[in-house]
Amino acid sequence: STAAEKKRWTLNDFDIGKPLGRGKFGHVYLAREKRSNHIVALKVLFKSQLKESQVEHQLRREVEIQSHLRHPNILRLYGYFYDQARWKRVYLILEYAAKGELYKELQKCKYFSERRAATYVASLARALIYCHGKHVIHRDIKPENLLVGAQGELKIADFGWSVHTFNRRRTMCGTLDYLPPEMVESVEHDANVDIWSLGVLCYEFLYGVPPFEAKEHSDTYRRIIQVDLKFPPKPIVSSAAKDLISQMLVKDSSRRLPLHKLLEHPWIVQYADPSG
Ligand SMILES: Cn1ncc2ncnc(NCCc3cnc(NC(=O)Nc4cccc(C(F)(F)F)c4)s3)c21
């Protein structure tokens, strides 16, 4: 791990800039580290978030996991610090993603072109192959956790719920929409959960809504368990895209299209921009 991860940081080390976003877990600000002039994002976790014991180990695990991950499509978490002055606040020091949150972009243009969707899916697949190679599963792949870098490249963020595969946890995390059957049924799960979530994401990139969306939680739950996958007539989507999604949203996690096979799928080969 780098010097940044070892140093005891304090709020005085930073000039705070504009707010970047306000998640349910806390606010994020643009910030500049004074000595190096390095631009970062600072996330403040609210005290409501900090059930002392609970969060401390989760934060440590997130920093620990992140300190081993170096990938262009994974947002860096450099470290965190408690701010003694302000009561019980925790600040996360993060890589700054200059083009912000992907879901805002998706809301703005309703859905993405096949080229854009395939390019994003391919870069996410490469990032997940890298994570799985390090026995890390993210478990919370959804638009809210995807940011866009200065060159338009996708960055997976918020490993707050990721785990090393040898200690699988069954706690429910995040919105139901992206959870695969085995997590909704809270049975043992493995890296293939991220393949399911990537399939949900690919569908939402192309149609603007997740595949199992329903008014009631219970209906979403049932649609996921039954893999009730339907492709609307509009917008027009290639059959290659539908074929890929159908090979990822498979109930039996061992039969989902492996990520390295995804990169060879005709839809990805045809539409994904090789630069990523
Ligand atoms: C909006 N935005 N725009 C540009 C930009 N550039 C960078 N970052 C942004 N946003 C922050 C993205 C995050 C990355 N990693 C996170 N990690 C986390 O939030 N972890 C976390 C959560 C809750 C509880 C716990 C704890 F304590 F329990 F462990 C840990 S959040 C940006």
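Just so you know, ligand 1 is whichever comes first in the structure, and atom 1 is the first atom listed for that ligand.
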Would you call the rings of F14 and W9 parallel, tilted or perpendicular, where under 30° means parallel and over 60° means perpendicular? tilted
Any nitrogen or oxygen of [X] lying under 3.5 Å from a nitrogen or oxygen in ligand 1? Just yes or no.
{"X": "E101", "value": "no"}
{"X": "L75", "value": "no"}
{"X": "E62", "value": "yes"}

So, for F212 and W196, is the gap between ring centers shorter than 6.0 Å? yes
Measure from the ring center of F205 to the ring center of Y111 and say whether it is less than 6.0 Å. no
Contact check, side chains of [X] and [Y], non-hydrogen atoms, under 4.5 Å:
{"X": "R256", "Y": "N192", "result": "yes"}
{"X": "Y120", "Y": "L102", "result": "yes"}
{"X": "L92", "Y": "L42", "result": "no"}

Taking heavy atoms and a distance under 4.0 Å, where does L92 meet ligand 1: side chain, backbone, both or neither? side chain
One residue to check: L20. Relative to ligand 1, which of side chain, backbone, both or neither has a non-hydrogen atom less than 4.0 Å away? both
Answer yes or no on whether R76 is positioned over the face of Y78, meaning its NZ or CZ is under 6.0 Å from the six-membered ring centre and within 45° of the axis. no
[X] heavy atoms, cut-off 4.0 Å: which ligand 1 atoms fall inside?
{"X": "A41", "answer": "6 (N), 7 (C), 8 (N)"}
{"X": "L59", "answer": "26 (C), 27 (F), 29 (F)"}
{"X": "Y96", "answer": "6 (N)"}
{"X": "A157", "answer": "14 (C)"}
{"X": "L94", "answer": "11 (C), 13 (C), 14 (C), 15 (N)"}
{"X": "V28", "answer": "9 (C), 10 (N), 11 (C)"}

Determine, using heavy atoms of L77 and all atoms of ligand 1, whether some pair is separated by less than 4.0 Å. no
Run the contact test for E95 against ligand 1 with a 4.0 Å cut-off on heavy atoms, strictly below, and give the result. yes
Do L94 and L75 pass the side chain to side chain contact (heavy atoms under 4.5 Å, CB included) test, and can you show the C-alpha distance, the side-chain angles, and the key distance before you say yes or no? CA-CA 7 Å; L94 298 153; L75 194 85; 4.3 Å; yes
Distance-only side-chain donor-acceptor flag, E33 / N37, under 3.5 Å: no
